[in-house]
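Scope of the values below: all heavy atoms of this structure, side chains included, with no hydrogens, waters or symmetry mates. Just so you know, these numbers come straight off a predicted model, no measurement behind them.
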Amino acid sequence: QVQLVESGGGLVQAGGSLRLSCAASGSIFSINDMGWYRQAPGKQRELVAAISSGGRTNYADSVKGRFTISRDNAKNTVVLQMNSLKPEDTAVYYCNADVSTSRYHYGRDYWGKGTLVTVSS
C-alpha cells in the first residue's frame, strides 16, 4: 500500500501565493514521475505540472511563469509553489506519482485525496 498526502491548500486573495506539498509513504521501492493535477467545479481534471525522477519539468500553458514544481527524491516529496494566483486557479489539486513497490514489479499510478485551493477576487 502506498499513500500520497497533500497539504497547503486554503483560501488566498488574487495575486497571492500558496505552497502545496505532497509526501509519499508506504511500500515504496522507487518513484518515477510525479505531478499535480487540478479539477474545478464542472470541469475535467487537467495536468498542472509534472517532474521526472531526474528533474525534467512540464507545465500547463496557463501556469507557466507563475508556478514551480520541485521534488526531493530522498524524502519522496513533491512541491508546487504557486505565485500570482488568479480566481481561475480555484480547484481541488491532486498529487500523482508513478510508484514501484519492488525491484521486479511494474510501477503504477497512485493519487492523493486532494486539497482545495480557493482564490478570491
- Item | Check against side-chain hydrogen bond (donor to acceptor under 3.5 Å, both in side chains), Thr77 and Asp72 | CA-CA 5 Å; Thr77 60; Asp72 186 331; 5.0 Å; no
- Report the C-alpha separation of Val119 and Glu88 in whole Å, then their side-chain angles, then the decisive distance to 0.1 Å, and conclude whether the side chain to side chain contact (heavy atoms under 4.5 Å, CB included) test is met. CA-CA 8 Å; Val119 184; Glu88 52 261 44; over 6 Å; no
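Seen from the ring of Tyr94, Arg45 counts as a face-on cation partner, given the 6.0 Å and 45° thresholds. Seen from the ring of Trp36, Arg19 does not count as a face-on cation partner, given the 6.0 Å and 45° thresholds. No cation-pi contact links Arg108 to Tyr106, judged by a cut-off of 6.0 Å to the six-membered ring centre and 45° from its axis.
In this structure, the side chain of Arg56 does not engage the main chain of Ile51 through any donor-acceptor pair within 3.5 Å. Put simply, the side chain of Asn73 gets close to the backbone of Ser53: a donor and an acceptor are under 3.5 Å apart. Side-chain atoms of Glu6 come within 3.5 Å of backbone N or O of Gly114 as a donor-acceptor pair. Between the Ser100 side chain and the His105 main chain, a donor and an acceptor come within less than 3.5 Å of each other. No side-chain donor-acceptor contact under 3.5 Å links Ser84 to the backbone of Arg66.
Between the CG atom of Leu116 and the OG1 atom of Thr90 there is a distance of 8.0 Å, given to the nearest 0.5 Å. Put simply, CG on Leu4 and OG on Ser25 are 8.0 Å apart, with the number rounded to the nearest 0.5 Å. Here the OG atom belonging to Ser21 is positioned 10.5 Å from the NZ atom belonging to Lys75, to the nearest 0.5 angstrom. In this structure, SG in Cys95 is found 5.0 Å from CE in Met34, a value given to the nearest 0.5 Å. Taking OH of Tyr93 as the start and OH of Tyr37 as the end, the distance is 14.5 Å to the nearest 0.5 Å. We find the CG-OH distance between Asp98 and Tyr110 to be 9.5 Å, quoted to the nearest 0.5 Å.
There is a side-chain donor-acceptor pair under 3.5 Å between Ser17 and Asn83.
With respect to Lys64 and Asp61, a salt bridge is recorded, a charged nitrogen being found less than 4.0 Å from a carboxylate O. The pair Glu46-Arg38 meets the salt-bridge criterion, since a charged nitrogen lies less than 4.0 angstrom from a carboxylate oxygen.
Here the closest non-hydrogen pair linking Ser27 and Val2 is O-CG2, 3.9 Å. The two residues Ser121 and Pro87 come nearest to each other via the heavy atoms CB-CG, 4.0 Å. Residues Ala24 and Ile31 share a closest heavy-atom pair of CB-CD1, 4.0 Å. Heavy-atom minimum distance, Phe29 versus Ser102: CB-N, 3.5 Å. Minimum heavy-atom separation, Leu47 to Ala60: O-CB, 3.5 Å.
Using a 4.5 Å cut-off on side-chain heavy atoms (C-beta onward), Phe67 and Gln81 make no contact. The side-chain heavy atoms of Leu85 and Leu18, taken from C-beta on, include a pair separated by under 4.5 Å. Between Val48 and Leu80, the closest side-chain pair of non-hydrogen atoms falls below 4.5 Å. With a 4.5 Å cut-off on side-chain heavy atoms, Thr115 and Leu20 count as touching. Looking at heavy atoms from C-beta onward, Thr101 lies out of side-chain contact with Ile28 at the 4.5 angstrom threshold.
The cluster map of Ile, Leu, Val, Met, Phe, Trp and Tyr, joined by side-chain heavy atoms under 4.5 Å apart, puts Met82 and Val12 in the same cluster. Val99 and Val79 end up in different hydrophobic clusters when Ile, Leu, Val, Met, Phe, Trp and Tyr side chains are linked at under 4.5 Å.
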